[in-house]
Amino acid sequence: MNMDFKRKLAIPMEVKEMYPITGEISRIKEERDVLIRRIFTGKSDQILLVIGPCSADNEKSVLDYMVRLARVQEKVKDKIVIVPRVYTNKPRTTGDGYKGLLHQPDPDAMPDMFKGIIATRKLHMKVIQETGMSTADEMLYPENYKYIDDLLSYQAVGARSVEDQQHRLTASGSDVPTGMKNPTSGDYSVMMNSIHAAQNSHTFIYRGWEATSQGNPFAHAILRGYTNSKGDHLPNYHYEDIIRLCDAYAARPELKNPAVIIDANHENSGKDPFQQPRIIKEVLANCRYSARIASLVKGFMVESYIEDGNQKIGDGCYGKSITDPCLGWEKSERLVYEIADLL
């Protein structure tokens with residue numbers, strides 16, 4: 001094998017023993033898990049808003065952003081459950097470039113996976129401690145999920161991963177809502193099959209163990225737009241797209257808790273973060289028009305940070321994304337209040 005094995009990393013149980021959760025963190029997560037599940041079962045009229053930086057690249061600025069977000073959550077808590085987007089793994093289209101906090105706790109330094117594991121766990125813990133809000137992350141590497149599974153209240157399986165068997169089976173062993181994104185091709189059947197797989201029990205190999213999952217009844221769809229064969233960005237948040245998803249769920253009566261989260265960025269916005277408010281307002285208008293859409297749409301994803309746009313690594317602008325461009329704080333705060341007013 002043409003690979004250099006540098007060192008054996010600590011297993012999740014060892015890392016959890018080094019950095020254990022407090023009783024307060026456990027209480028916050030349990031209470032928030034109940035709130036979020038009620039949205040997906042239809043017992044709550046609140047909506048979910050997964051919002052935060054494209055990548056959680058800097059502890060200081062991420063915590064600054066999240067503390068601001070907590071103040072907004074308090075003002076809209078009757079209508080919106082905000083889940084901080086603390087994305088510590090970044091998929092790369094070509095495999096090159098910054099892969100997130102897990103790989104590089106310091107974006108200017110060489111990768112260090114052990115430091116990255118610790119930095120990832122500590123950041124999720126600090127966000128919960130400082131804001132009272134449990135967090136969301138992307139399941140980019142299924143084998144790493146156990147390092148932070150006691151901290152997350154929401155997770156997503158990305159467009160490049162949703163067809164992968166290990167992602168699907170690991171999601172079936174999760175006990176928090178897990179969004180399965182449509183693939184980059186836009187094929188709904190791939191997403192629906194992933195939801196089916198995640199909602200059912202499986203026996204499979206996980207971290208060297210023969211494991212049996214119980215199935216995750218809160219696995220659901222995320223519409224994030226797609227790319228056609230010409231490389232064009234095409235949205236799938238419009239009325240017809242969501243009705244089509246309603247029909248896809250209706251054709252799969254075995255699926256529990258039908259739901260969709262609309263990802264307002266990525267291909268839906270053509271990677272223009274300033275389109276996110278317009279997209280969300282259109283979807284909310286369609287919810288008012290159609291009871292079918294209103295019953296299926298459970299919330300939104302928004303990429304947001306302190307400063308508008310993005311920058312290159314090393315540019316040094318505080319609170320500005322080093323991956324995809326984000327909506328700045330002032331516009332993001334206004335958006336949350338506008339969503340609350342429309343509900």
Side-chain angles (χ1 to χ4, degrees), residues 36 39-40 42 44-54 65 68-69 71-85 136 154 156 159 177 179 181-182 186 188 220-226 232-246 249 258-310 321 324-343:
I36 294 168
I39 293 173
F40 284 95
S44 170
D45 291 331
Q46 295 167 299
I47 69 160
L48 195 72
L49 183 61
V50 181
I51 183 171
C54 175
Y65 173 92
R68 301 182 194 196
L69 196 61
R71 291 194 288 265
V72 175
Q73 168 68 107
E74 184 61 26
K75 295 177 182 179
V76 300
K77 62 183 179 182
D78 292 340
K79 296 183 176 181
I80 301 172
V81 176
I82 294 176
V83 182
R85 175 188 164 105
Y154 185 89
K181 291 195 173 187
N182 64 260
Y188 277 27
H220 60 275
I222 299 176
L223 294 181
R224 48 85 74 196
Y226 60 103
D232 300 320
H233 299 298
L234 298 174
N236 57 12
Y237 63 85
H238 294 307
Y239 177 91
E240 294 80 5
D241 299 303
I242 304 177
I243 287 293
R244 180 182 164 213
L245 183 58
C246 289
Y249 264 115
V260 65
I261 299 294
I262 304 298
D263 181 344
N265 212 14
H266 297 101
E267 267 61 45
N268 270 335
S269 69
K271 297 196 174 180
D272 177 357
F274 306 112
Q275 299 301 316
Q276 293 178 107
R278 177 189 60 77
I279 290 166
I280 291 171
K281 290 170 188 176
E282 178 181 322
V283 174
L284 289 175
N286 287 329
C287 287
R288 292 191 294 273
Y289 180 78
S290 167
R292 292 185 74 198
I293 289 178
S295 68
L296 193 68
V297 174
K298 303 300 182 182
F300 301 93
M301 286 187 166
V302 174
E303 291 195 322
S304 158
Y305 211 175
I306 295 172
E307 298 294 336
D308 285 333
N310 62 349
S321 175
D324 288 347
C326 293
L327 195 67
W329 174 251
E330 291 182 2
K331 297 181 182 70
S332 300
E333 182 181 26
R334 186 183 315 124
L335 173 60
V336 177
Y337 294 139
E338 288 174 345
I339 293 171
D341 288 341
L342 290 168
L343 294 174

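Each residue takes its place number in the sequence, starting with 1. This is a predicted model, so every value here is computed, not measured.
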Exercise for review: Hey, could you give me the OG/CZ distance between S304 and R85, rounded to the nearest 0.5 Å?
Suggested key: 10.0 Å
Check your understanding: If you round to the nearest 0.5 Å, how far is CD1 of I280 from CG of L335?
Key -> 4.5 Å
Exercise for review: Take F40 and I36 through the side-chain contact (heavy atoms from CB on, under 4.5 Å) test and state the conclusion after the steps.
Suggested key: CA-CA 7 Å; F40 284 95; I36 294 168; 3.9 Å; yes
Review point. Is a donor on one side and an acceptor on the other found under 3.5 Å between the side chain of Q46 and the backbone of K77?
Key: yes
Exercise for review: Carefully, step by step, assess D324 and N310 under the rule side-chain contact (heavy atoms from CB on, under 4.5 Å).
Suggested key: CA-CA 6 Å; D324 288 347; N310 62 349; 5.6 Å; no
Exercise for review: Report the distance from atom CG of N268 to atom CD1 of I279, rounding to the nearest 0.5 Å.
Suggested key: 5.5 Å
Point to revise | Side chain to side chain, I47 and I39, heavy atoms closer than 4.5 Å | key: no
Review point. Any idea which heavy atoms bring P325 and K271 closest together, and the distance?
Key: CG-O, 3.7 Å
Check your understanding: To the nearest 0.5 Å, what is the distance between CD1 (I51) and CD1 (I339)?
Key -> 7.0 Å
Check your understanding: Are K281 and E338 ion-paired here, with the side-chain N under 4.0 Å from a carboxylate O?
Key -> yes
Review point. Quick check: does any side chain N or O of Q73 sit under 3.5 Å from a backbone N or O of I80, one acting as donor and the other as acceptor?
Key: yes
Practice item. Look at atom CG of D45 and say whether more than 12 heavy atoms of other residues, nucleotides or ligands are closer to it than 6.0 Å. Key: no
Check your understanding: Just by modelled atom types, is the P273 backbone N or O under 3.5 Å from a matching donor or acceptor in the E303 side chain?
Key -> no
**Study point:** I222 versus M301, closest heavy-atom pair with distance
**Key:** CD1-CE, 3.5 Å
Review point. Can you tell me if N236 and N182 form a side-chain donor-acceptor pair at under 3.5 Å?
Key: yes
Point to revise | Check: H220 and P177 side chains under 4.5 Å, non-hydrogen atoms | key: yes
**Study point:** Heavy-atom closest contact (L327 atom, F274 atom, distance)
**Key:** CD1-CD2, 3.7 Å
Review point. To the nearest 0.5 Å, how far apart are CD in Q275 and CD in E282?
Key: 11.0 Å
Check your understanding: Is a side-chain donor or acceptor of Y188 paired with a backbone partner of L245 at a separation under 3.5 angstrom?
Key -> no
Revision key, fill the gap. Closest heavy-atom pair, K298 versus I261, reported as atoms and distance to 0.1 Å, is C-CD1, 3.8 Å
Practice item. I would like to know whether V72 and Y337 meet side-chain contact (heavy atoms from CB on, under 4.5 Å); could you show each step before the answer? Key: CA-CA 8 Å; V72 175; Y337 294 139; 3.8 Å; yes
Practice item. Could you tell me the separation between the OH atom of Y305 and the OH atom of Y65, rounded to the nearest 0.5 Å? Key: 10.0 Å
Practice item. Under the side-chain contact (heavy atoms from CB on, under 4.5 Å) rule, what do L223 and Y237 come out as? Steps first, then yes or no, please. Key: CA-CA 7 Å; L223 294 181; Y237 63 85; 5.9 Å; no
**Study point:** Qualifying residues under ring-ring contact (aromatic ring centres under 6.0 Å, His included), relative to F300, sequence neighbours excluded
**Key:** none
Point to revise | Closest heavy-atom pair and its distance - C326, C54 | key: SG-N, 3.4 Å
Check your understanding: Any side-chain heavy-atom pair from K75 and V336 closer than 4.5 angstrom?
Key -> no
Review point. Is a side-chain donor-acceptor pair under 3.5 Å present for S269 with N265?
Key: yes
Check your understanding: Between Y239 and S290, which heavy-atom pair has the shortest distance, and what is it?
Key -> CE1-CB, 3.9 Å
